[in-house]
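First comes the structure, then the notes that go with it.
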Protein chains: 2
Amino acid sequence: MQMAAESPVTHADRTFFQLRNDIVEGVISAGSKLSETELSTKYDVSRAVVREAINRLTASHLVERKANVGARVVTLSATGLVQLYQVREALEGMAARLAAENMTQSEIDALQGLLSDHFDEVKSGESYYQEAGDVDFHYRIVLGSKNNHLISVLIDGLYHLVRMYRVQLGMAGPRVTTAFDEHRHVVQAIANRDGELAEILMRRHILYSKNNIERKLIQTSKR
Amino acid sequence: MQMAAESPVTHADRTFFQLRNDIVEGVISAGSKLSETELSTKYDVSRAVVREAINRLTASHLVERKANVGARVVTLSATGLVQLYQVREALEGMAARLAAENMTQSEIDALQGLLSDHFDEVKSGESYYQEAGDVDFHYRIVLGSKNNHLISVLIDGLYHLVRMYRVQLGMAGPRVTTAFDEHRHVVQAIANRDGELAEILMRRHILYSKNNIERKLIQTSKR
DNA sequence: CAGATCAAAATTGTCGACAATATCCATCAA
DNA sequence: TTGATGGATATTGTCGACAATTTTGATCTG
């Protein structure tokens with residue numbers, strides 16, 4: 001999937017992408033303060049562009065800002081994770097419903113092709129699956145909804161937070177084969193143009209997914 | 001309802017609120033270009049604060065920005081309206097479900113009180129209802145979800161766009177009494193702590209609501 | 001020692017100037 | 001007339017300096 005390469009055109013763009021990546025990957029740790037001057041020397045740009053980058057991150061819910069005080073990276077928590085997945089369930093459920101109505105036949109074919117590629121990987125045991133494959137699957141369906149609001153809220157916003165949770169909790173986990181089956185059923189419903197079923201299956205898939213990552217979170221906090 | 005008075009603390013805040021209001025109310029017309037210098041003289045602040053205000057509006061989907069070109073107020077369209085309501089259906093449906101689980105008993109009591117006040121108004125024929133009452137109803141349920149993502153996406157984001165459509169299409173319309181009944185049923189489900197039903201009813205309410213406003217849009221475009 | 005007070009230091013907010021880019025418009029060639 | 005070219009104009013992007021606010025921490029007081 002030619003992942004709509006986000007190419008920075010302005011300094012603020014570039015700084016925004018770098019900063020976002022550093023936050024998601026944990027290079028800048030969750031809950032830490034973002035000093036404008038410090039970051040401006042680190043990324044070698046003026047404070048103004050750092051400010052703009054931070055403002056954009058605030059819009060993605062990766063950073064919280066208080067007037068006259070400054071910005072902090074969000075802190076990860078169990079309740080935060082649950083709330084995030086509740087929103088995902090609602091939005092991606094709707095996305096699956098709309099995808100069933102709006103995806104072109106060739107897009108559906110491509111989606112099925114993607115799935116059988118994954119199947120081969122899983123069978124031959126390579127399968128790190130989760131990260132690359134799962135993301136790709138969800139992206140295609142969200143884009144297939146053809147709903148701009150849905151697309152931007154999820155892809156520009158929530159997904160980065162989801163990834164932040166995954167990365168920082170060290171998700172490589174199992175859940176490969178069962179998730180694969182769930183994906184297969186969703187695609188089947190979309191291919192049948194059954195939006196109602198696609199929504200139900202997608203919501204359930206995300207619910208399971210939440211339970212899985214939540215279990216990890218609890219394990220981690222016990223250690 | 002003590003509507004969490006958004007009080008501007010910084011110039012950028014104030015400019016953001018003013019600009020947002022001017023856009024929603026149609027003082028600055030849909031689709032028009034936002035010149036930074038022009039606005040900075042109009043609101044009597046520097047270009048930097050105008051830029052920040054515009055960036056925030058971009059995050060709320062009220063304006064669109066292109067690098068090195070500038071920002072424009074979004075244009076309203078039938079498909080845009082449909083897409084907006086699809087997202088509302090998903091998010092507010094989930095909000096109603098969560099509200100049924102998470103609202104305190106006193107919050108539910110207050111919500112029922114609000115409804116019977118509205119009932120008196122409707123019966124005595126005052127009833128402009130739609131704007132004030134409807135907004136209040138939806139706000140309470142979204143807040144009752146206790147889900148921060150849901151709250152911010154809807155209240156800081158989509159609702160302003162919804163209002164923009166309503167204002168600019170001159171919605172004062174009928175649909176008062178039937179909407180009232182729909183509200184009543186949703187509240188009943190929440191009072192019964194039946195999240196599943198609350199979600200279904202809320203989704204249907206929003207669907208009807210969309211059909212109603214869509215009809216107006218078609219009428220308007222015919223004129 | 002706990003808490004209040006206040007000046008110093010650090011950080012964010014705002015501004016005007018300059019640089020980089022896009023847009024406009026007159027000129028020219030086919 | 002149409003379309004291309006290139007320079008003038010206007011607009012956005014970036015910067016460093018100053019203003020306003022918060023935070024720090026040293027001193028004083030009970």
Side-chain angles (χ1 to χ4, degrees), chain A residues 5-23 27-75 152 156, chain B residues 5-23 27-75 152 156:
Chain A
E6 291 177 311
S7 52
V9 0
T10 179
H11 286 188
D13 286 342
R14 184 169 47 76
T15 307
F16 169 60
F17 292 136
Q18 288 179 345
L19 191 49
R20 185 175 67 187
N21 206 64
D22 284 352
I23 289 172
V27 175
I28 297 175
S29 60
S32 64
K33 188 170 192 317
L34 296 175
S35 160
E36 292 181 0
T37 53
E38 188 184 325
L39 292 173
S40 78
T41 64
K42 175 174 177 180
Y43 295 118
D44 197 41
V45 289
S46 79
R47 261 186 60 219
V49 337
V50 170
R51 270 178 78 80
E52 179 168 338
I54 288 178
N55 280 334
R56 289 202 221 168
L57 289 169
T58 304
S60 333
H61 301 271
L62 287 173
V63 164
E64 289 167 352
R65 162 167 238 155
K66 269 194 290 195
N68 288 313
V69 173
R72 312 192 75 88
V73 178
V74 295
T75 61
S152 82
D156 298 336
Chain B
E6 292 177 312
S7 51
V9 0
T10 179
H11 286 190
D13 286 341
R14 183 170 47 75
T15 307
F16 168 61
F17 292 136
Q18 288 180 345
L19 191 48
R20 184 176 67 186
N21 206 63
D22 284 352
I23 288 172
V27 176
I28 297 175
S29 60
S32 64
K33 187 169 191 317
L34 296 175
S35 159
E36 293 181 0
T37 53
E38 188 184 323
L39 292 172
S40 78
T41 63
K42 175 173 178 181
Y43 295 118
D44 197 41
V45 288
S46 80
R47 260 187 61 218
V49 338
V50 171
R51 271 179 77 80
E52 179 167 338
I54 288 178
N55 280 334
R56 289 203 223 170
L57 290 169
T58 303
S60 330
H61 301 269
L62 287 174
V63 318
E64 289 166 352
R65 163 167 238 153
K66 268 193 292 196
N68 287 313
V69 174
R72 312 193 75 89
V73 179
V74 295
T75 61
S152 82
D156 297 337

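All of these numbers come straight from a predicted model, not from anything done at the bench.
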### Task
Find the distance B/I54:CD1 to D/dT11:P and express it as a whole number of Å.
13 Å
## Note on the structure
B/N55 CG to D/dT12 P, in whole Å, measures 12 Å
#### Entry: A/R47 or A/A67, whichever maps to the more 5' nucleotide of DNA chain D
A/R47
### Message
From the set C/dC15, C/dT23, C/dG13, return the single nucleotide nearest to any side-chain atom of B/V69.
### Response
C/dT23
### Query
Taking atom C1' of C/dT14 as reference, at what distance in whole Å does atom CD of A/E52 sit?
16 Å
### Message
Nearest 0.5 angstrom please: A/R65 CZ to A/N55 CG, how far?
### Response
4.5 Å
### Query
For D/dA10, does OP1 or OP2 lie under 4.0 Å from any side-chain N or O of B/T37?
no
### Query
Phosphate oxygens OP1/OP2 of D/dT14: is one of them under 4.0 Å from a side-chain N or O of A/T10?
yes
### Message
Treating A/D22 as the side-chain partner and A/L19 as the backbone partner, does any N or O pair qualify as donor plus acceptor under 3.5 Å?
### Response
no
#### Entry: side-chain N/O A/K33 vs D/dT23 OP1/OP2, d < 4.0 Å
no
#### Entry: Approximate separation, where rounding is to 0.5 Å, of B/I54 CD1 and B/R47 CZ
9.5 Å
### Message
Can you tell me which nucleotide in D/dC15, D/dG13, C/dG13 comes closest to the side chain of A/R51?
### Response
C/dG13
## Note on the structure
A/E38 CD to C/dT11 P, in whole Å, measures 9 Å
### Query
For B/E36 and A/V49, take the nucleotide of DNA chain D holding the closest heavy atom to each; which residue's nucleotide lies nearer the 5' end?
B/E36
### Member of B/I28, B/T37, B/V50 meeting the side chain to side chain contact (heavy atoms under 4.5 Å, CB included) criterion with B/K42
B/I28
### Message
For a quick test of reading the model: is some side-chain N or O of A/S46 closer than 4.0 Å to OP1 or OP2 of D/dC15?
### Response
yes
### Query
Where the side chain of B/N68 is defined as all heavy atoms beyond and including C-beta, which of C/dC15, C/dT21, D/dC15 is the nearest nucleotide?
C/dT21
### Query
Quick one: B/H11 NE2 to D/dT21 C1', roughly how many Å, whole number?
12 Å
### Nucleotide D/dG13, atom C1' - distance to CZ of B/R65 in whole Å
9 Å
#### Entry: 4.5 Å side-chain heavy-atom contact, B/T10 and B/E52
no
### Query
What is the distance from NZ of A/K66 to P of C/dT11, rounded to the nearest Å?
17 Å
### Message
Tell me the interatomic distance from A/Y43, atom OH, to D/dT14, atom P, rounded to whole angstroms.
### Response
16 Å
